[in-house]
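These notes concern the structure reproduced below.
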Amino acid sequence: MLCSTRQGNSSMGELSVIGFKPGSSPLHQLDPRTKQLLLMVLSVAILWGDVPFLVIISIVLLSLSHLAHLRIHRLFLEIRYFLFFLLFVFVVRAVSFNDQWLPVITVDGAQEAMTICWRLLLVVFMGVLLMSTTRTADIRAALIWGMKPLPFVNERITATMVGLVVRLLPLILFQASEIGDAMRARGIERRKNPFIRLTIFTITLFRGVFLRADALVDSMQARCYSEYRTLPELSFSWNDTIAAGVGMLVLLTAFIS
Amino acid sequence: MSIIQTSQLCHRFSDGTQSLSDVSLTFKEGEFTVIAGANGSGKTTLLRHFNGLLFPESGSVSVCGISVKKDPQAARRHVGMVFQDSDSQIIGDTVYDDVAFGPENLRLERSLIDQRVTQALSDVNLAGFEEKKPHNLSGGEKRRLGIAGVLSMAPRVLLMDEPFSNLDYPATCTVLSQVLKLHQAGHTIIITTHDLEKVIAHAQRLIVMEKGCVVQDGRPEELVADIEQYGIRPPCSVQLGKGIQAWVN
């Protein structure tokens, strides 16, 4: 499980495709509020949409990721643990038991399981696209803007929490791959019990992540961190209107199909 | 005029280890100080007290006459800290975001933040790097980015924890030149190191620490000959009998 191949990814710079990547693609140029709104609306539509809608949205997302120079094969490598989860979901949904308690897979069951996995994968894919084309500071600013009208919610603290998760996720993935390498270098593959391997890996990863988080907190405090800081200036443009229009057209296909 | 003052400063870690004992020091504005000591001598712990990242168990630390314990934010505004691990200091998604992080926390206007970022990046020769990913920079560039991130907050004192560790020769020379330029511009510089070779020629004051205590404090040329007893290697030029010699002109 921890032995999957990783191709030439050794520097922090190459740490993950999950995380902001500077660029000038159409998605980079959109206001983060537009992207967040489209993410929410399309995620709900995906969870209800049928196969033709999923095909359309897959084509749109693949085109956008190509324009944003997101490497799909690297992305699948990064989310390989999520793919294991999808495999688990597929098995649970597709396999049923007959009268003799023997496992059987029906075509209908497999189709339904495949559609569910496809939907979940598309939602995650949209999240990755948002993260890789939007600065963490912009995501935070957009969340503060969006949550401001909500009562009993401290929008700045909530947005900071989300921002830190977005910021730490690539670092955690990088740390995980470094620990995987270090364990392989010391012959972890000779330990055949996957639970022991997973335990060693998890404890080391958690310790590393906590230390990393500590260092990040120190660094933020040293530079006078405050929740009440100058926010990035956000502004809607014609591109956002066009994107919202295209998003709504895609959404309509969910109802038509 | 003194800018940082510690009085009988003591600090103990949560595991009971005494990390600082009775440290009383005064740093003058515009001074270039090197704090040297072997690993675990308390150098980094001392720096963290100046920036309000740690507070004394007993004794006191003040910056510009204000107690760090009472007002850590004021200390952090006046005293900028460049960490030993450049990667852990990177906060922003781009070079611009990272350098702007400090001024944004100070709630400056966006136009002023842009000015400060431009100036800080220019000061460390990173102009034009604004849209690059910080993690893609080289070791020396990351170190200079760390300095720019602090400079953009316009501090009066710059603390640098082992600023030359893990840098190759050209990168060390570049960072050292930037540090000297900042000192000439009037910044108070405090550098910790266990390797005096690169920086000692430019320092006006050398403080030697051992087991959490200050064991020597004076002019580098007076102290450097006998420094080996504290687990610090004297510069090659001193060992060859040529006195202290500079790495960069």
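All values below were derived from every heavy atom in this structure, side-chain atoms included, with hydrogens, water molecules and symmetry-related copies excluded. So that the names make sense, note that chain A is the first sequence line, chain B the second, and so on, each numbered from 1.
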Going from [atom1] on [X] to [atom2] on [Y], what distance comes out if it is rounded to the nearest 0.5 angstrom?
X	Y	atom1	atom2	value
N51(B)	D218(A)	CG	CG	9.0 Å
Q89(B)	M220(A)	CD	CE	13.0 Å
E104(B)	R223(A)	CD	CZ	10.0 Å

Mind listing the closest non-hydrogen atom pair of [X] and [Y] along with its distance?
X	Y	value
A137(A)	D93(B)	N-OD2, 4.2 Å
I91(B)	L216(A)	CG1-CD1, 4.1 Å
K21(A)	K133(B)	CA-CD, 4.5 Å
S88(B)	S219(A)	O-CB, 3.6 Å
R135(A)	E131(B)	NH2-OE1, 2.9 Å

Exercise for review: Name all residues meeting the salt bridge (charged side-chain N to carboxylate O under 4.0 Å, His left out) criterion together with E227(A); count only those two or more places apart in sequence or in a different chain, and write none if there are none.
Suggested key: none
More than 12 heavy atoms of other residues, nucleotides or ligands under 6.0 Å from [atom1] of [X]: is that the case?
X	atom1	result
F236(A)	CZ	yes
K70(B)	NZ	no
F85(A)	CZ	no
N239(A)	CG	yes

Heavy-atom pairs under 4.5 Å with chain A are the metric here; pick the option from [options] that has the most.
options	answer
R48(B), R76(B), M153(B)	R76(B)
V150(B), L159(B), I90(B)	I90(B)
D85(B), D98(B), V79(B), L137(B)	D98(B)

Check your understanding: For chain A, which residues from residues 105-128 of chain B lie under 4.5 Å away (heavy-atom distances)?
Key -> N105(B), L106(B), R107(B), L108(B), R110(B), I113(B)
Point to revise | Under 4.5 Å from a heavy atom of chain A, the part of F101(B) involved | key: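 Its backbone and side chain both get close to chain A.
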Practice item. Would you mind reporting whether P22(A) and K132(B) have side-chain heavy atoms less than 4.5 Å apart? Key: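 They are not in side-chain contact.
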